[in-house]
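Here the structure is laid out as structure tokens; the discussion comes afterwards.
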Amino acid sequence: MKLTILGKYGPFPKAGGACSSYLIEDGDTKVLLDLGSGTFSRALERIALDSIDAVVITHFHYDHCSDLGVMKYALEKMPAMRMKVFSSPTNLIGEPFEHHMVFDGDTTQIGSLKLQWFQVIHSVPCLAVRVTNRDGSSLFYTGDTAYFEELSKYAVGADVILADTCLLEREGNAVPMHMTAVEAGTVAKKAGAKKLLCTHIYGGIADENEVLKRVGFDNAIVVEEGATYEVGNGNG
Ligand SMILES: [Zn+2]
Ligand SMILES: [Zn+2]
């Protein structure tokens with residue numbers, strides 16, 4: 001299974017960057033995890049629109065869903081195509097999408113991939129998703145979430161954790177809606193993950209290396225836009 005970073009910033013991008021979207025490819029199966037601003041064009045640089053099996057939207061914040069709006073315009077020119085969208089509960093999605101709402105505890109099969117959904121803690125309903133291929137290789141994507149104890153249980157044994165690492169530190173007593181670098185590292189350690197990919201990097205950050213310094217997990221990196229990472233043994 002391969003994971004390509006189409007956009008890694010939130011809640012707004014750095015100049016020249018884009019917001020959350022991740023392309024997963026496992027053999028012929030292609031899934032877009034989130035479709036934030038500036039990422040539809042980057043998806044089209046890599047794959048044809050009619051080769052996408054489904055789009056997953058973890059939650060309806062613009063940095064995760066705004067390019068669904070422009071994908072809709074493209075799909076309207078392809079009336080034979082019905083793009084599947086799996087998302088947290090919403091009434092925002094209609095034609096030409098084939099919409100499937102998903103809930104905590106649900107399991108969905110998309111091509112060769114099994115997706116398991118977990119409610120996380122954010123300012124709007126948001127689902128984390130665990131993606132497992134037929135080899136048993138697995139990716140756990142946190143979506144946007146505050147740190148909470150059970151999160152690492154959902155991710156236990158994942159080959160790769162793709163984690164919201166939006167905060168360098170907690171500011172005062174602000175309500176936590178994202179994880180700090182330390183918290184993302186804690187999830188990876190507790191889950192026994194093989195690799196931690198730090199993403200949802202704050203668009204206003206001056207020094208992205210500072211994230212890595214604080215994570216405290218050996219096999220961690222801050223993802224690069226355009227880069228592709230192998231998940232598991234690389235057969236998928
Ligand atoms: Zn976000
Ligand atoms: Zn959000």
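Counting starts at 1 for both ligands and their atoms, following the listed order. Throughout, numbering of the chain's residues begins at 1 and tracks the sequence.
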Taking both backbone and side chain into account, is any N, O or S atom of Cys126 nearer than 2.8 Å to the Zn ion (ligand 2)?
-> no
Can you give me the NE2-the Zn ion (ligand 1)-OD2 angle for His200 and Asp144, to 10°?
-> 100°
Using 2.8 Å as a strict upper limit, say whether an N, O or S atom of Asp63 approaches the Zn ion (ligand 2) that closely.
-> no
Taking the six-membered ring for Trp, are Tyr62 and Phe12 ring centroids under 6.0 Å apart?
-> no
Is a salt bridge present between Glu183 and Arg214, judged by a nitrogen-to-oxygen distance below 4.0 Å?
-> no
Any N/O/S of His64 under 2.8 Å from the Zn ion (ligand 2)?
-> no
Are the charged groups of Arg82 and Glu95 less than 4.0 angstrom apart, N to O?
-> yes
Is the distance between the Zn ion (ligand 2) and the nearest N/O/S atom of His178 smaller than 2.8 Å?
-> no
Sorted by first residue and then second, give each salt bridge (Lys or Arg N to Asp or Glu O under 4.0 Å) pair with at least one member in residues 150-168; sequence neighbours left out.
-> Asp159-Lys194
Between His99 and Ser87, does any side-chain donor sit less than 3.5 Å from a side-chain acceptor?
-> yes
The atom of His61 among N, O or S that is nearest the Zn ion (ligand 2) is ND1
